[in-house]
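Below is one structure, written out as structure tokens; the observations come after it.
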Amino acid sequence: MKKRALALILSVVTAMGMLTACGGSTGASTASEPAAEASTEAAAVETEAAEAGEPVESTIYPTPEGVTYTAIAEGKSAPDWTEYEALIKEIKTTTDMENRVALMHKAEDILMGTAAVIPIYYYNDLYLQKTDVEGIYSNLFGFKFFQFATCPRDVLKINLASEPAKVDPALNSSVDGACLAVNMFEGLYTYDAQGQLQPALAENTEVSEDGMTYTFTLRDGLKWSDGTDLTAKDFEYSWKRAAAPETGADYGYMFDAIAQTEDGTLDVTASEDGKTLTVKLVAPCAYFLDLAAFPAYLPVPQAQVEAAEGWETNPGAWAAEAGFVTNGAYTMTSWKHEESIVLTKNDKYYRADEVTIPEIDLMLSADDTAILAAYNSGDLDFADTVPTNEIASLMENEDFHVIDNLGTYYAAFNVNSPLFDGKTVDQAIAMRKAFAILIDRPYIVETVGQTGQKVATSYIPAGMADGNGGTFKENGASYNFPVEDGYYPEEVQDAAIDEAIALLEYAGYKFDENGMLSSETPINITYLTNDGTGHIGVAQIMQQDFAEIGINMTIDTREWNVFLDERKQGNFDFAREGWLADFNDPINMLEMWTSESGNNDCQFGR
């Protein structure tokens, strides 16, 4: 496809600042009309849609074999999600690991067949780090560990993102928040500098022969930062709290691996002396120790949580300001909202003698240019983002690092958007496929990413394990992807424009003799994103791609926390998304799309 010069002159693009955790800043919208305008425009093509002919099957992005859709309700265009929900439940409970892999492929087929999730590339991670700073490490899931770093200064100055949305480990769902959590709290397990699981507060772990019961024995002498004892009872409380519906944790579903008692609470029991924690599972879970290292599984201090005003309706109130109790390497001693955070060494941490930097200062910003300026002036020792127009010049700099991640940068449609009003479920899918096949992903990687990201042709990222000793994104005897090793080709196809037009015509849209949308049936769509030069750069390239057939996409840029809330509430047509795996198993990236999940931004099943 011919590419205009727009993206070549962008000075507003970055490679890595695109994590789910990437911070935001004060956002100015380039959208002139609200998303609700789509409802009026959809009505304009409702009659044409109703009269459309036979469904048009995409040859570029074919529906996976054996997958069909019905509407969630009469007159609705969103897909019924009952089969998907049942698959996820079965995946979590089956003991047949080979069948489990097949079920996960089926689940991804259903997800990708909706074309509501539009993968763009698989993540990697870039950052800047001063050469006299050592010992900072990360894992594939984007968690960065600063507690064992060394540097010749008493204060380590870093930037991760802008204002964190949540710092309560149970309520956080962003990677920047997770980085704060793992440096302020410690769980039963953690990750070492090689990215491998290792025991943390758990001195010993016993697993029953059937794999259904875990018994953790805690280390002696564990303390909270206020000097009070930390025991297994704190874990029992914290896990039950995180899983409770009234807590409203986005990650509440991450506790589904644990069985429930008759009263509906988790089957987790601390011994009377607080030394051991016994956990009973629904089914054997190969990744349960990974869960034990995940931020949602970190302990929180019950006394402080429940002493906060309004804690029953605002569960995170206890950690809304600096000074809250922690049990990890650092405590938060200052929080100037939208500006800075100060972390101070916690002398009660069980590995305090290994923590050599007494203070970490965080600059809260998503302004790539300002962050780079601060780094270059010596006001930062570590920067987790770089403007794209600076990447080429920094590539050979010894401060510049690129490391692997396990995750996918993607865009997503709200299946309940007014954009799809008046459409059948198949017409809505055809519309979304039209958008998907127009996107020039290699061009995005080349001009925005620039650090060797791989084009994404599936939602589950390349390299993810399948939970049965293999790699999930591979064709084999029992499963083959619809197109090569994915759901569509890596390269934009010569036939993409003609096929996109055919798909939209099936949905009731009209085109003129030049292959442009008719003014009788316009498509005006709003793309929601947080600030960050890379996010804007990707959006502008997609905007250009869609304009090839007359689709008008405006870009609505919001401040980070507002962006997260709008996306979560489903107040968007089309949005910027990104997901770094929480552990190395496909279920993590599939279970998030169940109707009860707090991370189901597409609004499936709702």
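This is a predicted model, so every value here is computed, not measured.
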Is a salt bridge present between D565 and R567, judged by a nitrogen-to-oxygen distance below 4.0 Å? no

For the residue pair S174 and D176, confirm or rule out a side-chain donor-acceptor distance under 3.5 Å. yes

Would you mind reporting whether Y443 and V492 have side-chain heavy atoms less than 4.5 Å apart? no

Is it true that K473 and D466 make a salt bridge, defined as a side-chain N closer than 4.0 Å to a carboxylate O? no

Side chains of N475 and D485: do they bring a donor and an acceptor to under 3.5 Å? no

Indicate whether any N or O donor in one side chain lies under 3.5 Å from an N or O acceptor in the other, for N588 and D582. yes

Looking just at side-chain N and O atoms, do N468 and R100 make a donor-acceptor pair shorter than 3.5 Å? no

Would you please say whether a donor-acceptor pair under 3.5 Å links the side chains of E85 and S595? yes

Are K166 and D250 close enough for a salt bridge, meaning some N to O gap below 4.0 Å? no

Under 4.0 Å between a side-chain nitrogen and a carboxylate oxygen: does that hold for E505 and K510? no

Assess, by modelled atom type and distance only, whether the side chains of E338 and S162 contain a donor and an acceptor separated by less than 3.5 Å. no

Centroid-centroid under 6.0 Å between F435 and F413 rings: yes

Is the distance from the ring center of F583 to that of F294 below 6.0 Å? no

Will you find, in the side chains of Y122 and N405, an N or O donor that is under 3.5 Å from an N or O acceptor? no

Strictly by modelled atom types, are E484 and T457 linked by a side-chain donor-acceptor pair under 3.5 Å? no

Can a donor-acceptor pair be found between the side chains of Y375 and D399 at a distance below 3.5 Å? yes

Is it possible for you to check whether R432 lies under 6.0 Å from the centre of the six-membered ring of F420, through NZ or CZ, and within 45° of that ring's axis? yes

Rounded to the nearest 0.5 Å, how far apart are CZ of F572 and CG of L419? 11.5 Å

Would you say that I525 contacts N552 through its side chain, given a criterion of any heavy-atom pair below 4.5 Å between the two side chains? no

Any chance you could measure S173, atom OG, to W579, atom CH2, to the nearest 0.5 Å? 6.5 Å

Distance alone, cut at 3.5 Å: any donor-acceptor contact between the side chains of Q453 and N124? yes

For D404, I'd like to know if atom CG has over 12 heavy atoms of other residues, nucleotides or ligands within 6.0 Å. no

Sub-4.5 Å side-chain heavy-atom contact between F481 and E108: yes

Calculate, to the nearest 0.5 Å, the distance between atoms CE and CG belonging to M104 and N99 respectively. 10.0 Å

Distance-only donor-acceptor check, side chains T82 and D80, under 3.5 Å: yes

Just so I know, are the side chains of Q427 and S77 near enough to count as touching, which here means a heavy-atom distance under 4.5 Å? no

From CA spacing to verdict: side-chain contact (heavy atoms from CB on, under 4.5 Å), I110, E83: CA-CA 9 Å; I110 293 173; E83 182 182 8; 3.7 Å; yes

Pairing donors with acceptors under 3.5 angstrom, does anything connect the side chains of Y527 and H535? no

Do K89 and T594 meet the criterion of a side-chain donor-acceptor pair at a distance under 3.5 Å? no

Would you say the side chains of D512 and S518 form a donor-acceptor pair under 3.5 Å? no

With under 30° as parallel and over 60° as perpendicular, where do the rings of H105 and Y479 fit, or are they tilted in between? parallel

Heavy-atom check, side chain of Y251 versus side chain of M592, under 4.5 Å: no

Which word best sums up how the rings of Y123 and Y121 line up, parallel for under 30°, tilted for 30 to 60°, or perpendicular for over 60°? perpendicular

Go through the side-chain N and O atoms of S597 and E591 and say whether any donor and acceptor fall under 3.5 Å apart. no

